[in-house]
Amino acid sequence: MSQTSNTNANANANTNSNSSNSSVIPVSELYWSLVDKADKKFSKIRDLPYYQRNRYDTYFYKVFKVYTQLWKFQQENRQKLVDAGLKRWEIGEIASRIAQLYFGQYMRTSEASYLSESYVFYEAILTREYFKEGLFQDVNLANKQLRFLARFLMVCLVLNRREMVHQLVNQLKMLVDECKRTFQETDFKEWKLVVQEIVRLLKADTAFMNIRPLRYSLVLDPHPDSLSHVLPSVPLRNLRLRDAILSSYHHNEVKFSELTLDTFRMLQCLEWEPSGSFYQSSGARIIQNGSSGSSRMNYTQDIADPTLPPNPRKAVLYRPSVTHFIAVLATICEELPPDGVLLIYLSASGTGTFIDTTGNSARNLQLHAIYSDATSASPFGPQCDVLDPSQKSQGDCLQHQSGCLQFGTRGSGGLNCIYPSDFVPFTRRPLFLIIDSDNSEAFKAIVGAEKGEPVAMLLSPSSSSPIAAADSSRHTSGRLFTIFLTAPLQAFCLLLGHSGSDIDMDLFNKAEKLLSSSLNAWGSALATSNTLNPVWAQTLSDPFLRRLLLRFLFCQAVLTLYAPTFNKKEFHPMCMPPLPVSVLPTTTNSQMVVMQIASIFNAVNNFIFSEEVVLPEDKHDDTDEMSN
């Protein structure tokens, strides 16, 4: 009986202490098994590409789920884990991984809530100083802190949190200097280059360039519901910008990590300005008090503005090989929704190589095959220069099409070149092409060779304007054409040689108000035009594409009327197909817009206007009248 009683007693004890039996496995062992599981999943998702629509979302949610469990587990068992030897930097490492997951998912989806969540976690790491303890006793820990600061810097840059950017830059500088003194046997040359990169970028992307958000703001830009509708007589589809490919390649270009200054500006230009509770972020409190995965996502929803459409997805390619670029282009075209437009922004130096049209080179055969096919299949015919197609023979056409963009070192033939013909197979889907290059004109060769969808193109001048700010138009402040598309009034000031420090902000705001009303007037003029090409008509309903097109009109008018570039076509931007005559730079309305803005900055004499275009006497001083 006693043996039976003992057995029953043991059974009851086992039954009544199921939860305590789980503690047979130490908490620390459970924790490290979770860490190992999370690390393996993180390493898999880290190397996945940032493009391809929805293909890797399930990977993200699986990895995020594991890290949510890990974070919650260490919070609930913090003291036991600390007693078992858990270090503060190891807690910071988990938070950093979660922040990296969020930022990576933002890069894949362009959803602003992921970017904001990444900031929340990084800010908490900074506030709670997870990597500070023992920082100068362990070079590996010092490198973790340096990597954390660099990653947080990138998030703050993209979010345009400039105060935090400057705070982090100062911390990064001091930490690199201290590490050099403390760990003299270690080379911190790479981190010195990181500091130099961010300092150079901030010197170029000044506060003046960010007076107003580059993102589409419902406060400063027209609400999508208020945009003028195209005349019913114009046959069109209402297309939307769904995807974008952004890439640049210039020698010694301004950049931070793998984000160049020009692509950085275009990235912001193709997003909505957030308008939720993010700027009262309580990220550190959330991290400290703990939260479940579901409440984290609720916080994300609080940040997002439900009235805004989703941001277009963007693939930012840093110095891609040509084959990689074409692979990304093919993938995105394949996955583009039926109502979608793909925007492609390329900024690079051009190469105009001679093509012997009598030879047998593979490139000749390729071009000949493409454009011979275009002759029979395209309703536009075989033109390579739409301005005077009747004067061009097939041989002339091939030589004209020989120009390309250089996306790599020179001397490699066509290996590092992106040719106009490279885009032809993808013109089965709507493309919106922006080329900022001294060889942009070569891409007019695409016109007439499309395989189904005429391409909309905004092409930069082939020569940089001969002005005081000419150098800045190339490298220091970014490409001038790109600045006109992303920050048009700042580009106007740079053209006149103003850097921003000498600008009266009251005058600048006055000019900004006038430019805004003028762009809206141009938009209405395009929408009501009977001669608007359907290629442009079907994109006018998209607020991002519309804004780019209207800013192009301003850029075209300014550079056409600017005295040093007057009547010099190589300094003027182009668009294909052509826009209605009513919005050309030579019209009275276009000249009046430029004259009024120039008068605000006392720069009318920097431009050449028709004699009949006269500034009204009271326009110069009356802000209210200017906005009408």
Side-chain angles (χ1 to χ4, degrees), residues 106-107 109-116 157-162 205 209-229 238-246 259 261-279 303-316 337 339-345 432 434 456 458 478 481-491 509 512-524 526-527 536 538-555:
Y106 160 74
M107 293 298 290
T109 65
S110 296
E111 290 185 22
S113 58
Y114 291 125
L115 183 62
S116 299
L157 270 178
V158 178
L159 268 174
N160 201 25
R161 297 296 299 270
R162 285 307 171 103
D205 198 45
M209 299 304 298
N210 294 275
I211 290 175
R212 57 157 286 171
L214 269 62
R215 289 178 168 85
Y216 198 105
S217 168
L218 294 184
V219 176
L220 302 172
D221 295 298
H223 194 283
D225 295 338
S226 68
L227 301 181
S228 302
H229 296 288
N238 286 322
L239 300 180
R240 288 288 182 269
L241 177 61
R242 300 297 188 189
D243 286 271
I245 299 175
L246 313 177
L259 189 63
L261 180 57
D262 291 330
T263 55
F264 172 49
R265 287 174 174 155
M266 287 302 301
L267 180 148
Q268 295 176 81
C269 184
L270 301 178
E271 291 191 349
W272 299 97
E273 177 71 8
S275 55
S277 60
F278 173 70
Y279 292 106
I303 295 171
D305 188 339
T307 65
L308 294 178
N311 289 326
R313 289 181 178 238
K314 294 170 289 295
V316 181
D339 67 341
V341 176
L342 169 59
L343 182 148
I344 303 169
Y345 167 83
F432 193 104
I434 301 176
L458 304 181
F481 182 66
T482 297
I483 299 175
F484 263 109
L485 297 181
T486 56
L489 192 55
Q490 287 92 322
N509 292 331
E512 182 74 47
K513 187 176 181 180
L514 172 59
L515 177 60
S516 178
S517 62
S518 300
L519 295 179
N520 290 336
W522 268 326
S524 298
L526 288 176
W536 299 117
Q538 66 189 6
T539 60
L540 268 186
S541 58
D542 182 89
F544 296 110
L545 299 180
R546 177 185 183 273
R547 187 171 69 161
L548 286 169
L549 180 58
L550 298 181
R551 288 174 172 180
F552 170 85
L553 285 175
F554 177 64
C555 174

Exercise. Determine the minimum heavy-atom distance between S541 and R240, stating which atoms define it.
Key: OG-NH1, 2.9 Å

Quiz item: Do F264 and V316 come close enough that some side-chain heavy atom pair is under 4.5 Å?
Solution: no

Practice problem: Answer yes or no: is there a side-chain heavy-atom contact under 4.5 Å between P224 and D542? | Solution: no

Quiz item: Under the 3.5 angstrom rule, does the side chain of S517 hit a backbone N or O of L514 as a donor-acceptor pair?
Solution: yes

Quiz item: With distance as the sole test, does Y216 use its side chain to make a donor-acceptor pair with the main-chain N or O of P222 at under 3.5 Å?
Solution: yes

Practice problem: Let me see the working for N520 and S524 under side chain to side chain contact (heavy atoms under 4.5 Å, CB included), right down to the final yes or no. | Solution: CA-CA 6 Å; N520 290 336; S524 298; 5.6 Å; no

Quiz item: Within the distance-only criterion (no hydrogens, no angle test), does the side chain of N311 pair as donor or acceptor with the backbone N or O of S110 below 3.5 angstrom?
Solution: yes

Quiz item: Mind checking whether P337 and D243 have side chains closer than 4.5 Å, heavy atoms only?
Solution: yes

Self-check item: Considering all heavy atoms, the nearest F554-L519 contact
Solution: CB-CD2, 4.2 Å

Quiz item: So which heavy atom on R215 is nearest to which on P274, and how close?
Solution: CD-CD, 4.1 Å

Quiz item: Considering all heavy atoms of both residues, which atom of G523 and which atom of R546 are nearest to each other, and what is their separation?
Solution: CA-NH2, 3.6 Å

Exercise. Give a yes or no answer on whether the side chain of W272 reaches the backbone of P309 with a donor-acceptor pair at less than 3.5 Å.
Key: yes

Quiz item: Hey, is the main chain of L485 close enough, under 3.5 Å, to the side chain of R551 for a donor-acceptor pair?
Solution: yes

Self-check item: Closest non-hydrogen atom pair between A244 and L270, with its separation
Solution: CB-CD1, 3.9 Å

Quiz item: Can you check whether L115 reaches V158 side chain to side chain, under 4.5 Å on heavy atoms?
Solution: yes

Quiz prompt | Least distance between heavy atoms, G478 atom then I483 atom | solution = O-CD1, 4.0 Å

Exercise. List the steps, then state whether side chain to side chain contact (heavy atoms under 4.5 Å, CB included) holds for R212 with D221.
Key: CA-CA 11 Å; R212 57 157 286 171; D221 295 298; 2.8 Å; yes

Quiz item: Counting distance only, does the side-chain N/O of T486 pair as donor-acceptor with the main-chain N or O of M266 below 3.5 Å?
Solution: no

Quiz prompt | Step-by-step side chain to side chain contact (heavy atoms under 4.5 Å, CB included) determination, W522 to L549 | solution = CA-CA 10 Å; W522 268 326; L549 180 58; over 6 Å; no

Quiz item: Backbone N or O of C269 within a donor-acceptor pair of the R547 side chain at under 3.5 Å?
Solution: yes

Quiz item: Do Q490 and N210 have side chains that get closer than 4.5 Å, going by heavy atoms?
Solution: no

Quiz item: Can D205 and R162 be said to form a salt bridge (Lys or Arg N to Asp or Glu O under 4.0 Å), step by step?
Solution: CA-CA 11 Å; D205 198 45; R162 285 307 171 103; 2.3 Å; yes

Exercise. Apply side chain to side chain contact (heavy atoms under 4.5 Å, CB included) to the pair L246 and L343, showing each step before the final yes or no.
Key: CA-CA 8 Å; L246 313 177; L343 182 148; 4.2 Å; yes

